[in-house]
Amino acid sequence: TPLYLLVATAVLIFNAVVLGASATNHDLIIWCSGRVLAFNLCILIVSGRQNLFSDRLGVTYEFQAFFHRWLGMVVFLVGIVHGVIALVPYQPSGVILSPRSRIAGFTAASALFALILSSFSSVRQTFYEVFRYCHVCFAAIIVVAGFVHLTPVDVSKPSAILLVITASMYILLVSMRTGMFILQRAKAAIYHGDGLLKVDLELTRSIRVRAGQHVWLRIPSTGHTSFAESHPFAIASWGEKQNGKAKHITLLIDVRAGFTRKLKILANSESTNSQRFNAYIDGPYGQAIKAEDYGTVILYATGIGIGAQLATIRQLLECREASTAKTQRITLLWEVEEE
């Protein structure tokens with residue numbers, strides 16, 4: 001879209017201008033590329049996942065994912081520039097790097113390269129859990145090694161300040177996310193049929209929910225590493241609202257590998273019909289779809305995508321009951337694969 005193109009161009013121009021303006025001096029371009037790299041890392045790390053700040057600002061998941069991927073490529077290119085120029089034989093006029101600083105720089109560069117390799121879609125989609133943990137670990141190594149790379153280590157330096165801000169903001173976001181999981185507890189009933197999972201969540205606290213939103217789900221009963229596993233799922237429906245808030249939400253999930261397969265095992269266990277599992281959610285996130293502002297609404301869905309459209313229909317019916325909908329006609333087109 002034009003917005004995506006504008007943002008991508010702006011990021012590229014900013015980095016190109018800063019590096020180009022310092023290209024006349026060896027020490028200056030190393031200094032500038034290092035600080036630009038730290039600045040980009042600061043934004044990159046805190047934009048990796050939706051949070052309360054991005055949600056309140058109206059940043060969509062698609063745009064945030066695009067921006068994160070694009071900025072990641074820019075960081076990789078700036079890192080190459082910084083590393084290659086630093087290795088060029090030259091009699092420096094400034095500080096000579098100590099062995100510790102060189103090792104730290106090499107460690108950060110290696111972690112960045114490994115992070116890029118593990119981010120390819122073929123790796124990410126096949127080994128999602130491995131990708132996710134490695135992504136966070138590599139990012140932490142880059143920040144710590146980057147801080148040690150500074151010679152001498154001085155928290156008053158711009159690069160050090162940016163790295164400290166990056167680490168602090170990431171810790172804040174993780175703490176907020178953990179707090180949301182602790183506060184948003186639920187009981188989950190899991191049902192399996194026709195290759196799909198239906199998860200009914202009874203929340204301890206009511207939440208405001210609209211069509212087009214999703215929650216991050218965590219269920220400890222799925223395994224020993226479940227404390228570190230949370231996945232996003234679109235909200236397909238919700239219970240009766242009171243004061244605009246719902247205490248029951250429903251998720252429709254397509255069974256794949258990993259977390260969803262563990263949910264299927266729970267659903268097929270003998271005691272599932274009479275058992276509700278402890279669950280924790282983070283959210284809801286995402287921009288609400290205001291389909292009720294249109295007279296005719298046409299909805300398209302393929303496979304499991306019907307879940308998101310069911311939420312839209314539910315919202316339209318609620319608005320109609322409240323006499324706030326302009327919609328007079330709803331058309332749903334659902335494409336399913338033949339078995």
Side-chain angles (χ1 to χ4, degrees), residues 49-52 55 61 175-256 258-289 301 304-322:
R49 175 171 164 176
Q50 276 191 301
N51 51 69
L52 290 176
D55 195 60
Y61 171 80
S175 301
M176 292 173 60
R177 192 181 308 147
T178 303
M180 289 291 292
F181 274 119
I182 295 175
L183 292 175
Q184 297 281 27
R185 291 172 295 172
K187 289 292 184 179
I190 309 173
Y191 308 96
H192 176 236
D194 297 327
L196 298 178
L197 292 173
K198 176 186 176 185
V199 180
D200 288 330
L201 294 170
E202 182 180 355
L203 309 177
T204 56
R205 298 171 65 249
S206 300
I207 59 174
R208 295 189 182 276
V209 57
R210 299 270 294 178
Q213 294 185 311
H214 64 274
V215 295
W216 290 77
L217 176 65
R218 178 177 296 171
I219 298 181
S221 301
T222 55
H224 299 296
T225 60
S226 59
F227 68 93
E229 284 187 287
S230 62
H231 294 259
F233 298 105
I235 299 173
S237 185
W238 51 86
E240 199 70 28
K241 288 184 177 180
Q242 294 183 354
N243 298 323
K245 296 184 177 181
K247 206 168 184 178
H248 296 80
I249 61 175
T250 299
L251 312 176
L252 293 181
I253 301 173
D254 190 14
V255 179
R256 299 292 181 91
F259 181 73
T260 55
R261 186 167 56 186
K262 295 176 184 177
L263 291 180
K264 179 183 176 181
I265 294 174
L266 289 180
N268 291 335
S269 63
E270 296 180 358
S271 59
T272 296
N273 292 333
S274 59
Q275 183 178 0
R276 289 180 175 268
F277 302 95
N278 291 325
Y280 303 88
I281 68 168
D282 178 18
Y285 294 115
Q287 301 306 304
I289 299 174
I304 193 62
I306 189 63
Q309 306 298 31
L310 291 177
T312 303
I313 295 174
R314 174 61 188 265
Q315 182 171 300
L316 287 171
L317 294 177
E318 285 184 349
C319 292
R320 184 175 179 83
E321 291 179 1

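We use all heavy atoms of the structure for the numbers below, so side chains are in, but hydrogens, waters and symmetry mates are not.
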Exercise for review: On the 0 to 90° scale, with breaks at 30° and 60°, tag the Y285-H214 ring pair as parallel, tilted or perpendicular.
Suggested key: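 Tilted, since the angle between the ring planes falls between 30° and 60°.
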Review point. side-chain contact (heavy atoms from CB on, under 4.5 Å) between L251 and I235: does it pass, once the steps are laid out?
Key: CA-CA 5 Å; L251 312 176; I235 299 173; 4.2 Å; yes
Any non-hydrogen side-chain atom of [X] less than 4.5 Å from a side-chain atom of [Y]?
X: P220; Y: F277; result: no
X: I190; Y: L197; result: yes
X: D200; Y: H248; result: no
X: L201; Y: T250; result: no

Point to revise | Full working for side-chain hydrogen bond (donor to acceptor under 3.5 Å, both in side chains) between Q213 and W238 | key: CA-CA 12 Å; Q213 294 185 311; W238 51 86; over 6 Å; no
Just verifying a value: how many Å separate [X] [atom1] and [Y] [atom2], rounded to the nearest 0.5 Å?
X: S237; Y: I313; atom1: OG; atom2: CD1; result: 10.5 Å
X: H231; Y: T260; atom1: NE2; atom2: OG1; result: 8.0 Å
X: L203; Y: L183; atom1: CG; atom2: CG; result: 12.5 Å

Check your understanding: Around atom CZ of R314, are there more than 12 heavy atoms of other residues, nucleotides or ligands at under 6.0 Å?
Key ->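 Result for CZ/R314: enclosed.
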Review point. Side chain of Q184, backbone of I207: donor and acceptor closer than 3.5 Å?
Key: no
[X] and [Y]: which non-hydrogen atoms are nearest, and at how many Å?
X: G307; Y: L252; answer: CA-CD1, 4.0 Å
X: A188; Y: I219; answer: CB-CD1, 4.3 Å
X: H192; Y: L196; answer: CD2-O, 3.3 Å
X: K264; Y: V255; answer: CD-CG1, 3.8 Å

Check your understanding: Going by the salt bridge (Lys or Arg N to Asp or Glu O under 4.0 Å) test, which pairs reach into residues 205-216, not counting sequence neighbours?
Key ->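 Non-adjacent pairs meeting salt bridge (Lys or Arg N to Asp or Glu O under 4.0 Å): R210-E292.
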Exercise for review: For the pair F233 and I249, evaluate side-chain contact (heavy atoms from CB on, under 4.5 Å) and give the outcome as yes or no after the intermediate values.
Suggested key: CA-CA 11 Å; F233 298 105; I249 61 175; over 6 Å; no
